[in-house]
J.: 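The structure that follows is given in the form of structure tokens.
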Amino acid sequence: MNRTNVTVIGLQWGDEGKGKVVDAIAGHCRYVVRYCGGANAGHTVTVGGEKFALHLIPSGILHEGVHNVVGNGVVFDPAEALEEIDALADCGVAVGPGNLHISRAANVVMPWHKLADRLGEEALGKGRIGTTARGIGPCYADKASRSTAIRVGDLLDAELLREKVTAIAVVKQRLFEALYGYEEPLDAEAIWRQYRDYGRRLEPMVANTGAMLRRAISAGEPICFEGGQGSMLDIDHGTFPFVTSSSVTACGVPAGAGVPPRAVGRVVGVAKAYTSRVGAGAFPTEQDNEVGQLLRERGREYGTTTGRPRRCGWFDAVAVRYAADLSGVDEVALTLLDVPGALQTLRICTAYEIDGRRMEDFDASSVTLARVECVYEELPGWGADIGQARRFQDLPVEAQGYVGRIEQLLGRPVGIISVGPERDQLILHHTGLEMLR
Ligand code: IMP
């Protein structure tokens, strides 16, 4: 195993607080790399009371001397990225070729991808996925189709870009008309000009990021791979079809960043002390009642990207264990532990049953998960505010017991515990990350 690198992934349905965990690790790394997803991600980092909502730019951007990489596996929306770059500049964080590198091979989210996302979801009605409407699925679909895809490198060649945009716009127009009766014309010339201009602004930051990272690996420079979304939203291993369109687990790192599998390093799986989910799809431990309501309000569970209220429920040790096994998680970062303690009694799902029989091998299919019954174990809440705790022993004994039970059920240590949104509201527990000690 590569001992200098760290991969941080989500073990639930996204919004686990990965941004904060990456932020804690980033300052000790030379590179922070996004390898999947796009502007559908929403990483909130709070520094000095100021909130930064990052969607495309890696969470290492707030640290000086860190190279932030948008890998080839990301679907890159230049309009979003430039907006974020400008917003960071307004907050005094300069972003440029010294700290941001965008893969030439990343696929570009075009206006027709966002349109297709919206029109497709509307047409599906009740069967819709509940996407973030950021054009993610349609962009990955074009990547797989190849002939209708545009890569970041294409933005830098004005004439090639014009040819591609003109040809693809015709195809998309026909499709939209035929599928959805959408007749508004796509102005290929205006789109071309806009994306050419984006290319001009971004050019200094566009690079062969795979080569850059492989060089860093040879030199032993520490890299943090930053996952987007959560394992249960993985295109292959999640609750299909209610998933996102990329490989978000640690298994996605090599292909999405252009590095060998060994480069993944130590895998930190991030899980909330309860569960949340945005969008449609099965959610076995969901509490569509006052418990869910309390978790949503205390946990401020409203989407960073879309503002949608998140569905909330109990900690699901079955799903998290599956996700941890899938990515070979070495340690868990347990976040938002300050949220569920207010309840008198907490529940953890320890097993699933279908038709009265234990489900032995986890089956992530949405159809199966919609049928499972959860077996719960009850644990006492702790009432007290734990936002000031900085050592494990500062936590009420009930909170310690809750963490200990999660370690047992997951079969791996809880390395880091987060007890609030601020950078310093962190407890180092059984972490094997030498850099944090
Ligand atoms: P898409 O990624 O926009 O296509 O959305 C597909 C599904 O993934 C929807 O249920 C979204 O709500 C969910 N999703 C995508 N990105 C995130 C995220 O960063 N956090 C939580 N859910 C997400």
Side-chain angles (χ1 to χ4, degrees), residues 8-22 34-45 52-59 73-77 80 84 107 109 112-124 126-144 226-249 252 256 270-272 274-283 286 296 299-313 319 323 335-336 364 366 369-370:
V8 179
I9 56 151
L11 296 177
Q12 294 159 318
W13 277 274
D15 309 312
E16 297 94 346
K18 295 177 290 295
K20 180 174 167 180
V21 175
V22 172
R34 284 277 309 269
Y35 61 90
C36 67
N40 49 348
H43 290 174
T44 312
V45 186
F52 292 87
L54 303 169
H55 299 284
L56 258 179
I57 310 289
S59 305
V74 171
V75 285
F76 184 76
D77 183 336
E80 276 283 336
E84 252 172 78
N107 276 251
V109 177
W112 47 75
H113 292 134
K114 292 185 213 180
L115 190 56
D117 204 349
R118 183 168 66 74
L119 294 174
E121 285 278 272
E122 279 169 12
L124 278 170
K126 261 184 75 180
R128 68 180 171 268
I129 291 171
T131 71
T132 59
R134 296 295 157 112
I136 305 298
C139 186
Y140 277 116
D142 273 342
K143 174 180 176 176
E226 175 182 20
Q229 293 76 48
S231 301
M232 303 305 288
L233 291 171
D234 185 85
I235 180 78
D236 286 291
H237 306 290
T239 50
F240 195 87
F242 300 99
V243 293
T244 190
S245 303
S246 63
S247 297
V248 306
T249 71
V270 186
K272 277 200 250 232
Y274 52 97
T275 314
S276 74
R277 173 165 203 177
V278 219
F283 179 178
E286 180 169 19
R296 183 159 44 251
R300 299 166 292 275
E301 295 291 355
Y302 294 88
T304 318
T305 303
T306 59
R308 289 180 289 178
R310 298 179 185 141
R311 300 155 66 191
C312 292
T335 58
L336 290 121
S366 246
L369 285 195

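Any value given below was found using the heavy atoms of this structure, including those in side chains, with hydrogens, waters and symmetry copies removed. What you see is a predicted model; the values in this text were computed from it and never measured. Both ligands and their constituent atoms are indexed starting at 1 by order of listing.
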J.: For S247, enumerate each residue passing the side-chain hydrogen bond (donor to acceptor under 3.5 Å, both in side chains) test, keeping only those at least two apart in sequence or located in another chain.
T.: none

J.: Could you tell me whether E121 and R128 have a side-chain N and a carboxylate O separated by less than 4.0 Å?
T.: no

J.: What are the distances between nitrogen or oxygen atoms of ligand 1 and protein nitrogen or oxygen atoms, counting only those under 3.5 Å?
T.:
{"unit_1": "ligand 1", "atom_1": "2 (O)", "unit_2": "N40", "atom_2": "ND2", "d": "2.9"}
{"unit_1": "ligand 1", "atom_1": "2 (O)", "unit_2": "T244", "atom_2": "OG1", "d": "2.6"}
{"unit_1": "ligand 1", "atom_1": "3 (O)", "unit_2": "T132", "atom_2": "N", "d": "2.8"}
{"unit_1": "ligand 1", "atom_1": "3 (O)", "unit_2": "T132", "atom_2": "OG1", "d": "2.6"}
{"unit_1": "ligand 1", "atom_1": "10 (O)", "unit_2": "V278", "atom_2": "O", "d": "3.1"}
{"unit_1": "ligand 1", "atom_1": "12 (O)", "unit_2": "G130", "atom_2": "O", "d": "3.4"}
{"unit_1": "ligand 1", "atom_1": "12 (O)", "unit_2": "V278", "atom_2": "O", "d": "3.2"}
{"unit_1": "ligand 1", "atom_1": "12 (O)", "unit_2": "R308", "atom_2": "NH2", "d": "3.0"}
{"unit_1": "ligand 1", "atom_1": "16 (N)", "unit_2": "Q229", "atom_2": "NE2", "d": "3.3"}
{"unit_1": "ligand 1", "atom_1": "19 (O)", "unit_2": "N40", "atom_2": "O", "d": "3.4"}
{"unit_1": "ligand 1", "atom_1": "20 (N)", "unit_2": "D15", "atom_2": "OD1", "d": "3.1"}
{"unit_1": "ligand 1", "atom_1": "20 (N)", "unit_2": "D15", "atom_2": "OD2", "d": "3.4"}

J.: Looking at CD of Q12 and NZ of K272, how far apart are the two atoms once the value is rounded to the nearest 0.5 Å?
T.: 7.0 Å

J.: Regarding E286 and R311, does a basic nitrogen lie under 4.0 Å from an acidic carboxylate oxygen?
T.: yes

J.: Return the set of residues passing side-chain hydrogen bond (donor to acceptor under 3.5 Å, both in side chains) with H237 (not counting sequence neighbours), or none when no residue passes.
T.: none

J.: For R308, give me all partners under side-chain hydrogen bond (donor to acceptor under 3.5 Å, both in side chains), at least two apart in sequence or on another chain.
T.: T306

